Novice: 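Input: one structure, supplied below.
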Protein chains: 2
Amino acid sequence: MCGGCNGGAEANGSATNGTNGSVQHPVQNRSASSPYQSVGDYLSNVGKFKIIESTLREGEQFANAFFDTETKVKIAKALDSFGVDFIELTSPVASEQSFKDCKTICGLGLKAKILTHVRCNMEDAKAAVATGVDGVDLVIGTSSFLREFSHGKSMAYIQKTAIEVIEYLKGEGVQVRFSSEDSFRSDLVDLLSLYKAVDTAGVQRVGIADTVFNSGGATPRMVYDLVRTLRGVVHCDIETHFHDDTGCAVANAHAALEAGATHIDTSVLGIGERNGITPLGAFMARMVVTSPDYVKSKYNLKELKALETLVADAVQINIPFNNPVTGFCAFTHKAGIHAKAILNNPSTYEIINPEDFGLNRYVSISSRITGWNAVKSRVDQLGLKMSDEQVKEVTAKIKQLADIRPLAIDDTDSILRSFHAEQVEGSGTY
Amino acid sequence: MCGGCNGGAEANGSATNGTNGSVQHPVQNRSASSPYQSVGDYLSNVGKFKIIESTLREGEQFANAFFDTETKVKIAKALDSFGVDFIELTSPVASEQSFKDCKTICGLGLKAKILTHVRCNMEDAKAAVATGVDGVDLVIGTSSFLREFSHGKSMAYIQKTAIEVIEYLKGEGVQVRFSSEDSFRSDLVDLLSLYKAVDTAGVQRVGIADTVFNSGGATPRMVYDLVRTLRGVVHCDIETHFHDDTGCAVANAHAALEAGATHIDTSVLGIGERNGITPLGAFMARMVVTSPDYVKSKYNLKELKALETLVADAVQINIPFNNPVTGFCAFTHKAGIHAKAILNNPSTYEIINPEDFGLNRYVSISSRITGWNAVKSRVDQLGLKMSDEQVKEVTAKIKQLADIRPLAIDDTDSILRSFHAEQVEGSGTY
């Protein structure tokens with residue numbers, strides 16, 4: 001057996017399997033003597049992923065966020081009830097109150113594991129342990145940009161520090177994640193070497209983040225390629241963290257899972273630095289389509305709206321009109337051609353069933369682009385009896401009025417009722 | 001030369017090249033005798049795409065939308081000034097006013113080509129031509145769902161009707177796009193056969209849409225695969241239309257371009273049925289990262305904010321807090337570790353330069369997660385002189401106060417000024 005680069009991977013494999021008790025992936029079971037990792041290590045996790053919910057860490061970096069202890073506790077309990085796997089908290093060294101809040105939340109006895117996110121140095125690591133968290137998320141900037149402009153430390157120094165901190169944390173019996181902050185601009189060889197080393201040292205997870213993206217921007221294809229490569233190099237779990245500057249954070253999370261990532265960072269409504277990260281709700285919308293059974297059995301989707309409302313109120317924002325699932329129009333249908341089909345079979349125009357989230361669909365008929373099938377459905381709802389010809393006639397009337405001014409649902413109902421009354425009187429059937 | 005399926009593609013190639021003057025793609029130049037299309041037809045259009053802006057069609061299907069003529073004209077002019085290639089309007093058969101508005105906008109003399117979107121039948125096509133549009137976007141539902149529940153017509157009938165309508169429109173000298181409404185749930189062979197037939201008939205574009213997605217939901221990977229397949233089958237341009245129910249509409253548009261699509265449908269703020277389609281602004285954010293030169297030279301990015309405000313006001317919505325580029329916090333930096341790096345080199349934490357959009361970055365220092373580098377920058381902005389030690393001291397003070405209550409920027413400035421005044425008095429240097 002040669003002592004080249006593959007030797008490291010083998011040592012790595014046994015060290016990891018022996019010490020940290022992480023989930024056994026197919027990658028860990030491949031023959032240690034095979035130099036080819038490209039088939040055996042393939043693993044899509046779209047049907048089996050974990051959520052690291054970072055509203056109380058990344059979310060605290062949102063411009064509007066100020067969470068007092070009471071609010072933090074409320075949010076933590078709501079996240080736990082929703083069913084997230086991990087709750088990540090602001091570093092205890094950020095401020096005195098941050099330290100106290102970490103301790104408080106660790107003491108709540110939640111089902112979710114509590115993590116805190118600290119810089120990769122011994123002082124921060126010790127403060128984290130002192131709060132009683134289940135796991136520590138170490139982060140360090142590794143890209144040439146960050147090396148030059150932020151902490152100016154060499155890769156060798158980064159690696160040495162990282163191993164020391166990891167050894168300390170392992171000794172304290174807490175889970176460890178090691179993450180580079182700017183994975184997509186880091187030198188690939190540097191990044192893989194570092195991750196291989198920390199994997200060998202026994203971390204539970206490595207994390208990659210596109211806090212900035214690389215100079216071309218991280219697209220799902222780029223995410224897939226990097227995660228797929230990393231999946232062939234480390235044996236531990238892979239956590240991913242995507243910012244939404246270019247609107248790809250949900251798709252990037254999905255691509256990461258396709259490539260074998262195991263954990264996705266989210267925050268409620270995506271709140272975080274700048275315009276935030278993968279939103280929990282939009283991610284649920286994506287994944288309930290990809291893996292309905294897993295998502296519906298594991299997460300309490302009906303609590304999503306209340307959870308989002310809680311956080312939106314806490315940071316004084318409105319839920320975006322176009323928010324997946326809970327945006328006010330997410331299940332509103334308007335065009336006649338759409339409404340006709342959806343009234344026959346909702347799945348024609350809905351990939352998500354609003355009832356899974358405890359919500360309802362709404363077919364709007366108060367516009368010039370409505371159609372007679374939609375109007376007929378409303379006529380039936382109102383208990384009015386009309387022939388198809390009559391419905392077509394009143395539809396033309398609605399479209400004519402809606403051409404002139406916006407109609408509210410009440411307006412349209414009045415039109416239907418008065419038309420019906422006229423018809424009934426006219427026909428003398430009463 | 002055999003008369004099999006490849007014969008059709010060859011005839012198709014010459015018909016298309018000869019008659020409709022569409023852009024010459026590599027796909028059209030490959031050897032007609034090669035049975036393999038998989039190399040020569042590869043074409044990524046991420047650096048050369050066109051926008052079909054559908055705020056005045058898809059956007060009119062948004063729950064809140066009621067556009068009177070004046071508003072439509074304002075929006076059309078603003079879109080034209082922004083630089084979109086095509087403006088798509090609601091079908092003239094939707095209502096009498098819709099017909100008049102089509103004529104009005106066609107008469108404005110805009111640089112953008114004017115399209116209208118109608119059902120694939122002769123009556124609608126004639127109404128479209130009568131408005132004076134440059135092109136007609138034909139749409140028909142083809143998936144088994146839509147066939148069963150919406151119009152109930154067979155594929156053969158669909159194809160026959162389509163060809164008749166296309167021939168009519170060609171005779172009238174207008175551009176034609178043919179689109180299936182629910183491409184991702186249609187039978188692949190049905191869809192490709194139909195598209196090959198309309199390509200041979202000489203349409204300028206075929207369109208695919210995930211109005212509903214297929215039962216698994218359209219992800220970027222699925223989009224890439226379908227567009228890539230279609231690229232090998234038709235010679236004409238390919239337009240794509242993505243809904244945002246699962247938050248993937250921007251990434252799907254990008255994946256479509258990577259696979260060889262040529263045109264992307266957008267609407268301002270994504271307004272449309274349910275929670276809408278690929279938003280123009282988020283798509284610009286994505287593409288200015290992927291293809292900065294093309295995007296910056298072609299579109300007037302500095303007009304984005306005004307354009308979004310115009311449409312938001314017209315449909316009475318707020319611009320989402322997390323909207324790419326124009327969300328209120330898109331360029332706000334808060335955490336100390338971020339702020340330190342960004343003050344040294346903005347591209348460390350910004351993939352998009354706010355100045356390209358006529359906007360500014362903002363480093364927030366009014367929180368407990370701020371850091372002394374960020375505070376130092378504000379001290380300098382305020383023209384106060386402090387040593388690094390003094391800045392660290394006042395930073396601790398800010399963090400302590402921010403632990404207790406939310407701080408506004410004014411609060412922080414006051415703290416800095418009064419601390420400075422104390423120091424100056426204390427040191428007696430004044």
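Only this structure's heavy atoms are used, side chains among them; waters, hydrogens and symmetry mates stay out. Throughout, protein chains are lettered first and strands after them, A, B, ... in sequence-line order, and every chain is numbered starting at 1. Since this is a predicted model, take the numbers as computed values, not measurements.
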Novice: Can you tell me how far NE2 of His243(A) sits from CD1 of Ile351(B), rounded to the nearest 0.5 angstrom?
Specialist: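 Separation between the atoms: 12.5 Å.
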Novice: Quick one: CG on Asp403(A) to CG on Asp101(B), what's the gap to the nearest 0.5 Å?
Specialist: 7.5 Å
Novice: Only pairs of heavy atoms separated by less than 4.5 Å count here; which of Pro320(A), Ala285(A), Gly327(A), Ala396(A) has the most with chain B?
Specialist: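 Max contact count across the listed options: Pro320(A).
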Novice: Quick check on Phe62(A) against chain B: is it the side chain, the backbone, both or neither that has a heavy atom closer than 4.5 Å?
Specialist: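 When you check distances to chain B, atoms from both the backbone and side chain of Phe62(A) fall under 4.5 Å.
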Novice: In Å and rounded to the nearest 0.5 Å, what is the CG to CG distance from Asp245(A) to Asn322(B)?
Specialist: 11.0 Å
Novice: Please name the pair of heavy atoms, one in Arg286(A) and one in Ala218(B), separated by the smallest distance, quoted to 0.1 Å.
Specialist: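 Looks like NH1-O, 3.2 Å.
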Novice: Is any side-chain heavy atom of Pro324(B) closer than 4.5 Å to one of Asn275(A)?
Specialist: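 Result yes, sub-4.5 Å side-chain heavy-atom pair found.
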Novice: Highest number of heavy-atom pairs under 4.5 Å with chain B: which of Asn64(A), Val325(A), Thr278(A), Ile271(A)?
Specialist: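 With the most close heavy-atom pairs to chain B, the winner is Asn64(A).
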Novice: Under 4.5 Å heavy-atom distance to chain A, tell me which part of Ala402(B) shows up: side chain, backbone, both or neither.
Specialist: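 Just the backbone, heavy atoms under 4.5 Å.
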Novice: Side chain to side chain donor-acceptor pair (under 3.5 Å) with Thr90(B): which residues, sequence neighbours excluded?
Specialist: Glu60(B)
Novice: Does any backbone or side-chain atom of Ser98(A) lie under 4.5 Å from a heavy atom of chain B? Answer side chain, backbone, both or neither.
Specialist: both
Novice: Rounded to the nearest 0.5 Å, how far apart are CD1 of Ile319(A) and CZ of Phe321(B)?
Specialist: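 Reported to 0.5 Å precision, the distance equals 9.0 Å.
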Novice: Hey, could you give me each pair passing salt bridge (Lys or Arg N to Asp or Glu O under 4.0 Å) that has a residue in residues 91-100 of chain B? Not counting sequence neighbours.
Specialist: Glu96(B)-Lys100(B)
Novice: Return the option, out of Thr69(A), Val93(A), Leu269(A), with the maximum number of heavy-atom pairs under 4.5 Å with chain B.
Specialist: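 Between Thr69(A), Val93(A), Leu269(A), the count favours Leu269(A).
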Novice: Just wondering, do Thr246(A) and Ile352(B) contact through their side chains at under 4.5 Å, heavy atoms?
Specialist: yes
